Amino acid sequence: MTEATSKLVKKKKISLYWLVPILALIITSILIWQNTFNKGKLIELYMDDASGIEVGKTLVKLRSVNVGIVENITLSHDFKGAIAQIRMNPDTDELLNEDSLFWVVKPRIQYHSISGLDTILSGSYIQMYKGSSEEYSDEFECLKDEPLGLDESTIPIKLIGHTKKVISAGTNINYNGFNIGLVTNLHYDVDSDTVVYNALIRKKYANLVNLNSVFWIDAGIDFQISPTGGVQFSMPNLENLIEGSINVNQFNSDVGEPIKANATFGLYNNQIDAKYANIKGNPQYVLMFDSDVKNIGVGSKVRLRGIDIGQIVKMSWFENSEDIFDMSKKIPALVILDVDKQQALKAKQLFKKHLKSQDLCAYIDSQNIISQGSSIKLIIDPKYKCSSSITAYRDTPVIPVLSQLSITGQLEQFTQKLNSVDLQGISNNLNQSLTSLNQTLENVAALTDSLNKKKTVDKLNKTIESYSANSDLYKSLMDMSQKLNTTLDELSPTIKKVGQKSNSLVFSSDSKDVEIKVKK
């Protein structure tokens with residue numbers, strides 16, 4: 001190669017025009033990577049409607065961090081809902097567990113709380129909760145409301161309403177008057193014909209509730225009159241009185257397991273119904289009443305030796321509802337003993353023994369006019385022999401009821417007897433007695449005047465004075481008595497001698513008795 005040729009080769013340079021396509025290729029590759037290979041997953045979220053959702057604006061958040069955005073919204077195939085296509089951010093695939101949850105956050109104003117205020121300016125967004133399943137998915141259902149139990153400080157439960165009254169969301173749940181939770185929402189279950197309440201119990205008070213607890217609607221103002229406790233009046237705080245509240249407690253002595261998430265409980269009309277549900281495993285007995293039981297009802301106490309041991313929980317407890325119109329049938333009342341397990345065992349043995357010996361009886365205790373017939377008194381005494389033609393009703397032992405007039409009946413009977421009394425005759429007899437008494441008093445007065453006029457009393461006094469120690473008669477009698485004593489003293493030796501020897505008055509005291517001898 002000549003020197004001239006080598007100089008021409010050295011002068012050749014790379015053209016700058018090649019940099020443009022190379023740069024374009026690099027940029028294109030980056031865009032392709034970012035928009036194709038480095039894009040997050042596209043998921044579909046099925047919802048009832050797309051209210052508040054905007055394409056390219058509505059974000060998906062997890063713990064207030066953006067993890068995705070809505071790319072498109074379409075109608076579902078059956079036109080009954082909407083499908084939001086969400087582009088997740090890169091490196092978020094691990095959030096898409098099969099049990100992950102999504103719901104729309106909107107501003108909500110309720111009388112008990114306000115939520116979603118941060119969406120007033122920013123608009124609605126989709127809140128996400130990461131599940132724990134090992135399976136992953138790209139299709140999800142959008143929830144209507146925020147699910148319960150996601151807050152780690154509360155435990156979600158369900159209450160099945162056995163009530164005629166509907167409790168609104170936000171109602172407090174109280175334990176002995178202290179708030180430990182609240183009702184968050186409710187819905188009507190058509191299949192079971194009941195209202196289902198979703199509620200939350202604060203974890204720090206979870207030990208106050210267990211699987212044996214019962215819930216009931218607080219009646220508000222409680223007013224009771226009893227012969228032992230007098231007048232009792234209680235009222236909840238103003239908030240619970242206005243908004244209402246739910247109480248929870250346990251009435252049996254069983255040790256219950258701690259509550260778990262989504263545990264189900266019954267919600268009852270009042271404390272009596274809740275208590276019956278809680279102690280229905282305790283010993284049960286039936287009382288059969290012959291006549292009117294207007295003074296006995298659900299909640300009436302059952303007492304033994306003056307101590308409350310149970311209560312009437314069902315009245316009337318007919319097996320067939322139409323039996324109430326059969327006048328030949330007695331009225332049954334179901335009694336449950338409110339005792340612990342050890343007492344229940346002892347009570348069963350005791351009642352069984354005395355029902356067999358027919359000395360366990362019951363009667364309506366009507367000792368107090370204010371609460372007449374408000375309690376049942378049980379007596380165990382051999383003096384009272386009582387039996388019933390019905391020993392068991394609906395497989396439950398029957399305690400015989402002694403027939404006893406109530407206070408009302410006794411008052412009516414007393415009124416009838418009072419009306420039948422001949423008051424006019426009593427008045428006439430009383431007048432006659434008073435007239436006779438007046439005559440007697442007049443006779444006594446006349447006799448007194450007669451005695452005073454005849455000086456009979458003065459003569460009697462003189463006669464008594466003649467027998468006094470200073471009178472002559474008294475002195476004469478004393479002299480005669482002394483002489484008689486002297487005479488008796490003189491005769492005393494003679495009487496003694498006669499007593500020792502009867503012939504001493506005829507023979508001398510020295511003579512001997514004649515001794516009779518027989519000749520041989």
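Values in this document were obtained by computation on a predicted structure and should not be read as measured data. Quick note: residue numbers are just sequence positions, from 1.
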d(I157 CD1, L211 CG) to nearest 0.5 Å is 10.5 Å
Heavy-atom closest pair (L267 atom, I246 atom, distance to 0.1 Å) is CD1-CG2, 3.7 Å
Within a strict 4.5 Å, meaning less than it, do heavy atoms of the I180 and V209 side chains meet? yes
Residues passing the side chain to side chain donor-acceptor pair (under 3.5 Å) test with S137, sequence neighbours excluded, are none
In short, ring-ring contact (aromatic ring centres under 6.0 Å, His included) pairs touching residues 85-105 with sequence neighbours left out are F102-F140
Kindly say whether R394 contributes a backbone atom to a donor-acceptor pair with the side chain of T396 at under 3.5 angstrom?
yes
Between A50 and I73, the two heavy atoms sitting closest are CB-CG2, 3.9 Å
Applying side-chain contact (heavy atoms from CB on, under 4.5 Å) to I26 and not counting sequence neighbours gives I22, I30
- prompt: Are there more than 12 heavy atoms of other residues, nucleotides or ligands under 6.0 Å from atom CD of E322?
  reply: yes
Distance col, row D189:CG vs K158:NZ, nearest 0.5 angstrom, shows 9.0 Å
task: Would you check if the side chain of N247 reaches a backbone N or O of W216 as a donor-acceptor pair within less than 3.5 Å?
output: no
Side-chain touch L42/I86, heavy atoms, less than 4.5 angstrom
no
Self-check item: N278 side-chain N/O to F251 backbone N/O, donor-acceptor pair under 3.5 Å
Solution: yes
When every non-hydrogen atom of I390 is compared with those of M288, the smallest separation belongs to CD1-CE, 3.9 Å
pair F289-I364: side-chain heavy atoms closer than 4.5 Å: yes
If we ignore hydrogens and angles and just use 3.5 Å, is the side chain of S100 paired with the main-chain N or O of G131 as donor and acceptor? yes
Residues pairing under salt bridge (charged side-chain N to carboxylate O under 4.0 Å, His left out) where one sits in residues 258-280, two or more places apart or in two chains, turn out to be K275-D338
Worksheet entry | Pi-cation contact, Y125 with K61 (under 6.0 Å, within 45°) | yes
- request: Using a cut-off of 6.0 Å, state whether more than 12 heavy atoms not belonging to N207 lie near its atom CG.
  value: yes
| Does the side chain of I173 reach to within under 4.5 Å of the side chain of I201, using non-hydrogen atoms? | yes
List the atom pairs, donor and acceptor, that lie under 3.5 Å between side-chain atoms in residues 307-314 and the rest of the protein, sequence neighbours left out.
unit_1 : atom_1 : unit_2 : atom_2 : d
D308   : OD1    : R303   : NE     : 2.8

Problem - Residue pair L186, V196: steps toward the side-chain contact (heavy atoms from CB on, under 4.5 Å) verdict - result: CA-CA 6 Å; L186 64 151; V196 179; over 6 Å; no
* Asked: Is D99 reaching over with its side chain to a backbone N or O of S132, donor-acceptor style, under 3.5 angstrom?
  -> yes
So OG of S153 and CG of L200: to nearest 0.5 Å the spacing works out to 8.5 Å
Nearest heavy-atom contact between N179 and N174 is CA-OD1, 3.2 Å
| said: I want to check something: taking the side chain as every heavy atom from C-beta on, are I336 and V302 in contact at a cut-off of under 4.5 Å? | reply: no
*asked:* For a quick check under 3.5 Å, do N89 and T92 share a side-chain donor-acceptor pair by atom type?
replied: no
Residues 40-50 vs salt bridge (charged side-chain N to carboxylate O under 4.0 Å, His left out), sequence neighbours excluded, gives D48-K144
*Do any N or O atoms from the side chain of Y136 and from the backbone of L95 form a donor-acceptor pair under 3.5 angstrom?*
no
All heavy atoms of A362 vs all of L378, minimum pair found to be CB-CD2, 3.5 Å
When rounded to the nearest 0.5 Å, the distance separating CG of L208 from CZ of R202 is 12.0 Å
query = Any side-chain heavy atom of V166 sitting closer than 4.5 Å to one from Y197?
reply = yes
Applying disulfide (SG to SG under 2.5 Å) to C361 and not counting sequence neighbours gives C386
Output for pair (C142 SG, I53 CD1), nearest 0.5 Å, gives 7.0 Å
Heavy-atom closest pair (Q284 atom, P397 atom, distance to 0.1 Å) is O-CD, 3.7 Å
Taken in chain and number order and not counting sequence neighbours, the residues that satisfy side chain to side chain donor-acceptor pair (under 3.5 Å) with N249 are N176
The side-chain contact (heavy atoms from CB on, under 4.5 Å) partners of N210 (sequence neighbours excluded) come to N212, S213, Q250
Here the salt bridge (charged side-chain N to carboxylate O under 4.0 Å, His left out) pairs for residues 79-89, sequence neighbours left out, are E71-R87
Do Y268 and I217 come within less than 4.5 Å of each other through their side chains, counting heavy atoms only? no
L287 and V398: CA distance, side-chain angles, deciding distance, side-chain contact (heavy atoms from CB on, under 4.5 Å) verdict: CA-CA 6 Å; L287 304 175; V398 173; over 6 Å; no
Can you tell me if N320 uses its side chain to pair, donor with acceptor, with the backbone of D323 under 3.5 Å?
no
Practice item. Output, in order, the C-alpha distance, side-chain angles, deciding distance and verdict of side-chain contact (heavy atoms from CB on, under 4.5 Å) for L101 and L143. Key: CA-CA 8 Å; L101 304 176; L143 303 178; 4.2 Å; yes
Residues at least two apart in sequence or cross-chain that pass side chain to side chain donor-acceptor pair (under 3.5 Å) with K130, listed by chain then number, are N97
- Stepwise, does the side-chain contact (heavy atoms from CB on, under 4.5 Å) test hold for M88 with M128? CA-CA 11 Å; M88 299 297 294; M128 178 184 181; 4.2 Å; yes
Is the closest side-chain heavy-atom distance between I399 and V286 below 4.5 Å? no
Residues 313-353 vs ring-ring contact (aromatic ring centres under 6.0 Å, His included), sequence neighbours excluded, gives Y285-F351
* Asked: Does H77 NE2 have over 12 foreign heavy atoms under 6.0 Å away?
  -> no
Separation between CG (L159) and OG1 (T171), nearest 0.5 Å, reads 10.5 Å
